[in-house]
Asker: 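My structure is below; once you've seen it, I'll send some questions.
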Amino acid sequence: MANSPWHHARNSSVADDIDFEIKGQELQFLEIELDPGESAVAEAGAFVWKDAAIGMTTVFGDGSGDGDGGFMGKLLGAGKRLVTGESLFTTVFTHNGQGKARVAFASPTPGSILPIKLSDVGGTLICQKDSFLAAARGVSIGVAFQRRVMTGLFGGEGFIMQKLDGDGWVFVQMGGTLVERELGPGEQLHVDTGCLAAYTQGVDFDLVTAGGVRSVLFGGEGLFFARLTGPGKVWIQSLPFARLAGRMLAASGSRGGQNRGEGSVLGALGDFIDGNN
């Protein structure tokens, strides 16, 4: 069996080497191509379609340990997913037949799907909560705690972000158009806290005030920017889902139409003056 062209011997320390294709522009979906024995892990509810040779199993946690570590290991993995806003369960799709087979996943929100091979970025990617879409089996989904109190309180994502570890392909969902920036040692970049999508482990993340009192009161940009200091890579999303949801709420009947001052301290007064309330 070892000489069979369909045999796939998985090394537990290495993620499955999958092939993939991302289709679409604004509303993208992901197709993963599996060899016999290979598996992909996906967020619950992301599945679109699959070839019949691919079996589907729901597992407790992220499925990265493949059963190693016993019940407590699975419980710990599931707990990490719970505190980052994900489901306790993931779905594992395994190719049980011969030849090649495909399975497809889609993001629940409009935007871009970012493919990252973790071995190319030092083995770790830190990203916003709820961003994990799918990965090769062997990638671990964990937690990244913000070490600074102010960053945790006002950083847009709270104290907890997602931490993806491993050496294989991982796919994260971002809102709107995605921009990648490479920061040199000591180079800094200021980003709206909601637009920070992901960054590599070498990047330092803290906060800087958005400006003077006038900017804070009337600028509509909040109190702080995210200050990112290199070296490393940063990914910026143009349309965070929270911003899209806020605009949709502002345009709904309950809000009385468009509101252009929703981000400022005096937004409520503006609603009253404009007749929105």
Side-chain angles (χ1 to χ4, degrees), residues 1-24 27-82 84 86-108 113-120 123 125 127 130-142 162-173:
M1 185 66 179
N3 295 324
S4 169
W6 310 122
H7 178 69
H8 180 83
R10 178 174 180 266
N11 186 333
S12 60
S13 65
V14 179
D16 286 354
D17 188 18
I18 60 174
D19 298 317
F20 68 91
E21 183 178 3
I22 295 175
K23 296 186 176 181
L27 299 172
Q28 295 182 332
F29 73 96
L30 166 71
E31 285 187 4
I32 294 179
E33 186 176 75
L34 301 174
D35 291 323
E38 287 183 339
S39 297
V41 181
E43 182 59 36
F47 169 72
V48 178
W49 61 265
K50 68 180 180 66
D51 289 329
I54 294 179
M56 182 174 66
T57 305
T58 300
V59 299
F60 196 54
D62 59 16
S64 61
D66 205 24
D68 296 335
F71 174 76
M72 292 305 297
K74 294 180 180 179
L75 186 62
L76 179 61
K80 290 179 179 179
R81 292 175 47 75
L82 186 63
T84 57
E86 304 285 359
S87 168
L88 285 172
F89 299 90
T90 53
T91 307
V92 179
F93 296 83
T94 303
H95 184 7
N96 299 316
Q98 295 184 346
K100 292 183 180 291
R102 288 196 165 203
V103 59
F105 309 101
S107 169
I113 297 174
L114 172 66
I116 295 286
K117 190 163 188 182
L118 292 175
S119 60
D120 294 339
L125 181 71
C127 52
D130 301 325
S131 62
F132 173 74
L133 178 65
R137 181 179 57 178
V139 171
S140 175
I141 307 168
Q162 279 188 334
K163 183 180 180 182
L164 306 175
D165 290 305
D167 56 11
W169 286 101
V170 64
F171 307 91
V172 289
Q173 52 199 2

Asker: Using the side chain to side chain contact (heavy atoms under 4.5 Å, CB included) rule, take V41 and V139 through it: C-alpha gap first, then chi angles, then the decisive distance, then the call.
Answerer: CA-CA 9 Å; V41 181; V139 171; over 6 Å; no

Asker: Taking the side chain as every heavy atom from C-beta outward, state whether I116 and W169 have any pair of such atoms under 4.5 Å apart.
Answerer: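 They are not in contact (no side-chain heavy atoms under 4.5 Å apart), so the answer is no.
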
Asker: Indicate the ring-plane relationship of F93 and F47, choosing parallel, tilted or perpendicular according to the 30° and 60° boundaries.
Answerer: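 The rings of F93 and F47 lie parallel, inter-plane angle below 30°.
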
Asker: Taking side-chain contact (heavy atoms from CB on, under 4.5 Å) as the test, write out the residues that go with E21, two or more places apart.
Answerer: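 Counting only residues at least two positions away or on another chain, E21 forms a side-chain contact (heavy atoms from CB on, under 4.5 Å) with K23, E31, R102.
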
Asker: If you round to the nearest 0.5 Å, how far is SG of C127 from NZ of K163?
Answerer: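 Result: 12.0 Å between the selected atoms.
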
Asker: Between Q28 (side chain) and I113 (backbone), is there a donor-acceptor pair under 3.5 Å?
Answerer: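 Looks like yes, one N/O pair under 3.5 Å.
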
Asker: List the steps, then state whether side chain to side chain contact (heavy atoms under 4.5 Å, CB included) holds for F20 with L30.
Answerer: CA-CA 7 Å; F20 68 91; L30 166 71; 4.0 Å; yes

Asker: How far does OG of S107 sit from CZ of F171, to the nearest 0.5 angstrom?
Answerer: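 Going from the OG atom of S107 to the CZ atom of F171 covers 14.0 Å.
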
Asker: Looking at CG of D165 and CD1 of I141, how far apart are the two atoms once the value is rounded to the nearest 0.5 Å?
Answerer: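 Those atoms lie 10.5 Å apart.
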
Asker: Which atom pair, heavy atoms only, marks the closest approach of G97 to P36?
Answerer: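 Here G97 and P36 meet closest at O-CB, 3.4 Å.
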
Asker: Which heavy atom of A104 sits nearest to which heavy atom of F29, and what is that distance?
Answerer: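 Minimum heavy-atom separation between A104 and F29: CB-CD1, 4.2 Å.
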
Asker: Mind running side chain to side chain contact (heavy atoms under 4.5 Å, CB included) on L118 and L125 for me, showing each step along the way?
Answerer: CA-CA 7 Å; L118 292 175; L125 181 71; 3.8 Å; yes

Asker: Please check this pair: side chain of E38 against backbone of A136, looking for a donor-acceptor N/O pair closer than 3.5 Å.
Answerer: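 Not confirmed, E38 side chain does not pair with A136 backbone.
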
Asker: Counting only N and O atoms by type, is there a donor-acceptor contact under 3.5 Å from the side chain of Q162 to the main-chain atoms of F132?
Answerer: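 Here the side-chain-to-backbone pair exists.
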
Asker: For S39, which residues count as a side-chain contact (heavy atoms from CB on, under 4.5 Å) partner, sequence neighbours excluded?
Answerer: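 S39: side-chain contact (heavy atoms from CB on, under 4.5 Å) contacts with D16, V92, T94, R137.
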
Asker: So, using side chain to side chain donor-acceptor pair (under 3.5 Å) as the criterion, who are the partners of T91 when residues are at least two apart?
Answerer: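 With sequence neighbours excluded, T91 shows a side chain to side chain donor-acceptor pair (under 3.5 Å) to no residue whatsoever.
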
Asker: Between V103 and D51, is the side chain to side chain contact (heavy atoms under 4.5 Å, CB included) condition met? List the steps.
Answerer: CA-CA 6 Å; V103 59; D51 289 329; over 6 Å; no

Asker: Please report the shortest heavy-atom distance between A106 and L133, naming the atom on each side.
Answerer: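 That would be O-CD1, 3.6 Å.
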
